[in-house]
Amino acid sequence: MLELIWDAVRARRVSSLALGLLAALAVAALAAAPAYSAAAARDSAAALVRDATPAQRTLSVQGRVSSGGDDRPEVAAAALRRFRDSVGLELPAERTAIGLRRAGTLYLGGRTIAADLRYRDNFCEAVLVTGRCPAARGEVVVSAQLPLGITVGDRAGYTAEAGAKPLALTVVGTYRARDPADWYWFGTGGTAFYGTADTVLAGSGFADAALDALLPAGLFAEPGRIDAALNRLHGLQFAYSSGAAELDAHLADDGRAVRRGVQLATAELFVVALLAFAVTARYAAEARRLDIARMALHGTARSRILVLVAGEGALPLLAGIALGGFAWRYPPPAVAAVAAGGLGAMIVADWRTISTPVQRLLQPGAPHVSRLGRATFDVSALALAGAAVFQAVSRHGRPDPGLGLEAFVPLLLALAAAVLLSRLLLPLAARAGHAAAVASDDHRRLGAGIGVLLLARRGAVHRLVPLLAAGACLFAVAVQDWVAADEARADRAAIAVGAERVLTVDAGDQERLLAAVRGADPAGTFAMAVVQSAGPDGRPVLAVDSSRLAAVTGIGAAVAARLHPPAPGPLIVTGTALRLDATADAPGVSVVVGLVAGGTGEKVSAVFPVGASTVDVPQCRRGCRMTTVELTGARTTVTIRQLSADGAVTVPAGVFGDPARWRTALGDTVPSVSPAHRDGALVLTALPPGNAGSTDPKVYAVDTPVPLPALVTGHYVAVGDEHNPATASPFGGVAVPIAPDPSAVLPRAGADGTIVDLEYAARLAGTAIPGDLQQVWLAPHAPPSIVDDLRAAGLQIVAEDTTAAAHRRLDGYGPAAALRFDLLAGVLALLLVAGAFAVSGATQRPDRDAQLLALRVQGAPQRVVRAAGLVAATVPAVAAVLIGLLTAVIARLLAAPPVDPFADGWSVLPPPTGPALVPLAAAAAAAVLCLVAVALLTARARRRGEAA
């Protein structure tokens, strides 16, 4: 019996080989799906952890420590050790840092400054110090970026408790971070002075301690360990903060996106594979009808006939299943289901053929198709498609979180549409073909008409077209979903990065940053200075050089211009010998004029003792912008009339006496000087100290619009009124009034932020504080030499990012991995239906060749016969692709893609909706080429009878 089965397989080697490859392809894809899902989820989790922010990977444990009033350094060190030991962190850490903090008030030269006194271990190794590092109690260093006017050697008093005796501090240096982007500086923004541990604990002996730990990436593969450690800290009554829970939730959502996408694609592929096997089995059974008739005439029992004919199909099927699943030691249940489904379909199809009367089997052409079976399939397809469409519409475009019928809308809609259209259009096509065959003298029309008639006489259309349409639809939908998600990832990358290329730099302050960038790009066509801060509510505030915003980011020039409206011109002082005409009511008073050197952004303080003649300021040789006026020394009243440079008046009395050109500090800072304007002069009166936290003795030159124009997103801030004006906090510090200009979305700020002009914000709000992000945004056409030019201008390049790199990062996450498998499943679905198409063509070729040969014998020209054969072979493929394309468009209009582009719910921009015409056209062309190529390869008309 095996020999007979093998001989039958060899006799129909083409269809047997196609069936085996069909089974191997389906099983290989379904067997690989679980492994792909696990590997994709693992790789995505690793990418998410690698790209996580420091806050998401940092566990910070807070507590109180005390030295018991003992100011010795060893006692402070012991207090820190006890805190570390009491925490007893049971988690591995890549890096740890422990620090102390006391919030209080600094008293310096008549000013009060709200500031922290801090200690952090290994501080001196992480900074570059001008002066020296603190080594003894009372010695501190301060950031060179803070606009406090503090110099090395200044002495100050510091108190953290009301009524306590101030702690004497000496500033022994200023510092700049070696790497401002390093994790060491996590959570250390704000105004602070750093000293030794015993300095922070001096006085009351109490301070807030924090142990920061950077958790390793591998730890997030074991979220239970993190939860257990957090529960233990909670039980010990330690305060802690960590973004690990947020990252864990993101990892879980990402893993679910991978599993859901792969499961859905596998389920769709499984259904297509079963349909392909069912159609293939039916055609194979029809091809064996003469063999079955001969065996029945010889009296062979039906059971033996079934074994022989089913074995002919089962042998290549099982060989293909073994070939496709041999690499998988434990094939998933879907593989066994494919084997069972394929064998079941063959047994049912062969049994139906065996049960057919012999006289009907001996008739030429395909046997009669059961109307009941056809009607059952048609009604089932239409009912399931209707239910799926109803579910999709009832969800109002939201994706289904499960695997209900809505998830299969494209597949079911394609099957139903193909069934319905084939039932409706085939009779019309047959009539049109008959008319063309009878009435046409054109050989091409005659051949097409005969081809349509040949096609209409077969039962192939009713089975093949739905299957081919389903495969084409799944392929088109997969291409469309991938392209739409890729566009969404590209949009997110552009918004997240801000510009084509972004350099994170350390410039010291924004004046130097502006000067360096403008010097490297004088025309303002490819580089823009940016400072990003976090407002009190955590939302980003971007200060940008708005004159370059349109050129670098593509924002409209009119929109960018709204950030920089006309304002009072800056007070420019040009010359090296400066003289201030001022008088005081008491001796011992000096006036400090703040200046910013043009071209370099260097800050200069010109100190004018009242009554002195001139002060030499060489930095203003090419011009300086006057920013502030400040009183130092005795508390009295000073009258300022004019400022001269090299003998020429640069700031006349009319300017000093104009109330519109001068203002005091903004925000919560309390002025410690009162300005007045009398007789064309500026009169400054020092105020007695009060109980305010932060005071400011400066008077600022007004050279900006107030309120500050700002582009804001709809979710950021409401437009205020005269009683509650809208505010923003550029540079993470002073809250300044703004005039909001709502926008839908902003680069880098997304849907929750604001953008202001950097130059205006710097003049209005002051200098950036440590923790602000200083960047240079570059346009795509920026020259490669820009990095060297910026370094030559004094900027330290800390990090670099690009939209392309951000796009690649997003490509490595779960949704993209799921859509890649969906795209692969779409290709495999197309190949499966192409394989079934090839088997059907191979099994029908003898009958088709006989019909074409009969046409030649009856006198039909060779061109007509060839045209008829070509039409009969290719029309099902072309019609199915058109139906699949149409249903792909309708499916995505009815239902959202089952996998969101982003697992974290990012929705700054709405996802692309509607059909993507170019990808759909490309998918349709690929499907047509594939199916038509199969049709042409399996529909070669024999040339016999050409001489007749």
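All residue numbers in this chain count up from 1 along the given sequence.
No side-chain heavy atom of Thr53 sits under 4.5 Å from any side-chain heavy atom of Thr58. Residues Met528 and Val776 are not in side-chain contact: their nearest non-hydrogen atoms beyond the backbone lie 4.5 Å or more apart. Between Leu219 and Ile226, some side-chain heavy-atom pair lies under the 4.5 Å cut-off. A heavy-atom distance below 4.5 Å is found between the side chains of Arg791 and Ile797. Within the 4.5 Å cutoff, no side-chain heavy atoms of Thr105 are placed close to those of Tyr158. Using a 4.5 Å heavy-atom threshold, the side chains of Leu100 and Val65 count as touching. Looking only at side-chain heavy atoms (C-beta outward), Arg57 and Val49 come within less than 4.5 Å of each other. Contact check for Cys624 versus Val596: no side-chain heavy atoms found under the 4.5 Å cut-off.
Residues Thr151 and Asp154 approach most closely at N-OD2, 2.9 Å, considering heavy atoms. Scanning all heavy atoms of the two residues, the minimum distance from Val140 to Gly195 falls at CG1-CA, 4.3 Å. Leu746 and Ser743 get closest at one heavy-atom pair: CD2-OG, 3.6 Å. Contact between Asp253 and Ala903 at its shortest, heavy atoms only, is CB-O, 3.7 Å. When every heavy atom of Pro709 is checked against every heavy atom of Val756, the shortest pair comes out as O-CG1, 3.8 Å. Heavy-atom minimum distance, Asp506 versus Ala177: OD2-O, 3.8 Å.
Only one option out of Leu128, Val142, Val127, Val141 pairs with Thr174 in a side chain to side chain contact (heavy atoms under 4.5 Å, CB included); it is Val142.
Stacking of Arg763 on the aromatic ring of Tyr700 is not recorded, the 6.0 Å distance cut-off and the 45° axial limit not both being met. Because its NZ or CZ atom is not both nearer than 6.0 Å to the ring centre of Tyr184 and within 45° of the ring axis, Arg95 does not count as a cation-pi partner of that residue.
Here the CG-CZ distance, from Leu91 to Arg225, works out to 6.0 Å after rounding to the nearest 0.5 Å. Put simply, CG on Leu711 and CD1 on Ile738 are 10.0 Å apart, with the number rounded to the nearest 0.5 Å. Atom CZ of Arg492 and atom CG of Leu810 lie 6.0 Å apart (nearest 0.5 Å). Taking CE from Met626 and CD1 from Ile572, the interatomic distance works out to 11.5 Å, rounded to the nearest 0.5 Å. Atoms CG and CZ, from Asp208 and Arg118 in turn, are 11.0 Å apart once rounded to the nearest 0.5 Å. Rounding to the nearest 0.5 Å gives a distance of 10.0 Å between CZ of Arg101 and OH of Tyr194.
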(request) Apply side chain to side chain contact (heavy atoms under 4.5 Å, CB included) to the pair Gln510 and Leu758, showing each step before the final yes or no. (result) CA-CA 8 Å; Gln510 61 266 43; Leu758 176 57; 3.8 Å; yes
(message) Before you tell me yes or no, could you show the steps for Arg176 and Gln796 under side-chain hydrogen bond (donor to acceptor under 3.5 Å, both in side chains), namely the whole-Å CA-CA distance, both residues' side-chain angles and the distance that decides it to 0.1 Å?
(response) CA-CA 11 Å; Arg176 290 181 63 181; Gln796 177 188 356; 4.9 Å; no
(request) Apply side chain to side chain contact (heavy atoms under 4.5 Å, CB included) to Glu500 and His781, showing your working. (result) CA-CA 9 Å; Glu500 183 73 16; His781 57 277; over 6 Å; no
(message) Let's go through Arg809 and Arg50 carefully: what are the C-alpha distance in whole Å and the side-chain angles of both, what is the deciding distance for side chain to side chain contact (heavy atoms under 4.5 Å, CB included) to 0.1 Å, and is it a yes or a no?
(response) CA-CA 10 Å; Arg809 290 195 294 270; Arg50 182 181 61 247; 6.0 Å; no
(request) With side chain to side chain contact (heavy atoms under 4.5 Å, CB included) as the test, would you mind laying out the steps for Arg84 and Ile98 before giving the verdict? (result) CA-CA 8 Å; Arg84 186 188 292 270; Ile98 192 168; 3.3 Å; yes
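Without hydrogens or angle criteria, His564 side chain to Tyr760 main chain gives no donor-acceptor distance under 3.5 Å. The backbone N or O of Val172 lies less than 3.5 Å from no partner atom in the side chain of Thr170, so there is not a single donor-acceptor pair. Put simply, the side chain of Thr627 gets close to the backbone of Gly594: a donor and an acceptor are under 3.5 Å apart. Gln774 places a side-chain N or O within 3.5 Å of a backbone atom of Ala507 that can act as its donor or acceptor partner. A side-chain donor-acceptor contact under 3.5 Å links Glu139 to the backbone of Ala135.
Between Phe123 and Tyr175, the gap from one ring centroid to the other is short of 6.0 Å.
Under the ring pair (Phe, Tyr, Trp, His ring centres under 6.0 Å) criterion, Tyr119 pairs with no residue at all, not counting sequence neighbours. Partners of Asp741 according to the salt bridge (charged side-chain N to carboxylate O under 4.0 Å, His left out) rule, which considers only residues two or more places apart in sequence or in another chain, are Arg562.
Residues Ser60 and Asp212 have side chains that bring a donor and an acceptor to within less than 3.5 angstrom of each other. When only modelled atom types and interatomic distance are considered, Tyr813 and Asp904 share no side-chain donor-acceptor pair under 3.5 Å.
Using a cut-off of 4.0 Å between Lys/Arg side-chain N and Asp/Glu carboxylate O, Arg489 and Asp811 are scored as salt-bridged. Between Glu125 and Arg178 there is no salt bridge, since no side-chain nitrogen of the basic residue lies less than 4.0 Å from a carboxylate oxygen of the acidic one.
For Arg622, the CZ atom counts as loosely surrounded, since its 6.0 Å shell holds 12 or fewer non-hydrogen atoms of other residues, nucleotides or ligands.
Evaluation of the side chain to side chain donor-acceptor pair (under 3.5 Å) test over residues 541-556, restricted to residues two or more places apart or in two chains, returns Arg518-Asp545, Asp521-Arg548, Asp545-Ser547, Asp545-Arg548, Ser546-Asp757.
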